[in-house]
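Starting from 1, each residue takes its place in the sequence as its number. Scope of the values below: all heavy atoms of this structure, side chains included, with no hydrogens, waters or symmetry mates.
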Amino acid sequence: MEKLSRTQVEQALDKVREWFPEEAENISRNKELIIDHIVNDKTPKTDSPLRLIEPAIYAERERLEIAGLTACEEACGMVALKRP
């Protein structure tokens, strides 16, 4: 497999931030750690912030659960949230 360059990873992260704006803050805050992890093929240390980040979508899932939706309604809602 071809090794990715730092520039390629930065461009990919920019695209991910564009596609998933709810994750943009986490990605920006941890950009250097993410790049290092990918470019140098390093496993994040046990205490790395990359292992502690909770995806923003989990917060949205909790909001839907509070609404008292069935599992099916919740799944439909999660799919709808990801649509452009």
Side-chain angles (χ1 to χ4, degrees):
M1 188 161 136
E2 182 183 334
K3 188 172 179 176
L4 296 172
S5 72
R6 180 181 179 85
T7 301
Q8 289 172 311
V9 175
E10 286 178 342
Q11 290 171 344
L13 287 175
D14 289 342
K15 188 56 76 175
V16 171
R17 280 194 299 260
E18 180 183 322
W19 289 342
F20 301 97
E22 69 276 11
E23 298 297 344
E25 183 180 337
N26 281 335
I27 292 168
S28 295
R29 184 180 321 112
N30 295 288
K31 181 179 177 180
E32 292 304 316
L33 289 171
I34 296 168
I35 291 170
D36 184 54
H37 167 64
I38 295 171
V39 171
N40 298 313
D41 193 26
K42 291 164 68 174
T43 301
K45 294 180 182 177
T46 306
D47 62 345
S48 169
L50 296 181
R51 294 186 179 258
L52 305 174
I53 297 170
E54 182 174 293
I57 194 69
Y58 288 170
E60 186 61 24
R61 182 177 296 142
E62 288 173 13
R63 188 185 68 77
L64 291 173
E65 288 171 356
I66 291 171
L69 302 176
T70 67
C72 181
E73 291 168 329
E74 181 181 337
C76 291
M78 296 306 291
V79 171
L81 287 171
K82 288 297 179 188
R83 297 177 110 186

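Here the straight-line distance linking atom CG of L4 with atom CD of Q11 works out to 10.5 Å at 0.5 Å rounding. Rounding to the nearest 0.5 Å gives a distance of 11.5 Å between CD1 of I27 and CD of E18. Expressed to the nearest 0.5 Å, how far CZ of R17 lies from CG of N26 amounts to 11.5 Å.
Across K42 and D36, no two heavy atoms sit closer than the pair NZ-OD2, 3.2 Å. Taking all atoms of both residues into account, the shortest heavy-atom contact from L13 to K31 is CD1-CG, 4.2 Å.
Heavy-atom neighbours of Q8 CD from other residues, nucleotides or ligands within 6.0 Å: above the threshold of 12. For CG of N40, the number of neighbouring non-hydrogen atoms (other residues, nucleotides, ligands) closer than 6.0 Å is greater than 12.
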Please determine whether salt bridge (charged side-chain N to carboxylate O under 4.0 Å, His left out) holds for the pair R6 and E32, giving the CA-CA distance in whole Å, both sets of side-chain angles, and the decisive distance to 0.1 Å. CA-CA 10 Å; R6 180 181 179 85; E32 292 304 316; 2.7 Å; yes

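Take K45 and apply the salt bridge (charged side-chain N to carboxylate O under 4.0 Å, His left out) test, not counting sequence neighbours, and it matches no residue. Among residues two or more places apart in sequence or in another chain, the side-chain hydrogen bond (donor to acceptor under 3.5 Å, both in side chains) test is passed with T7 by none.
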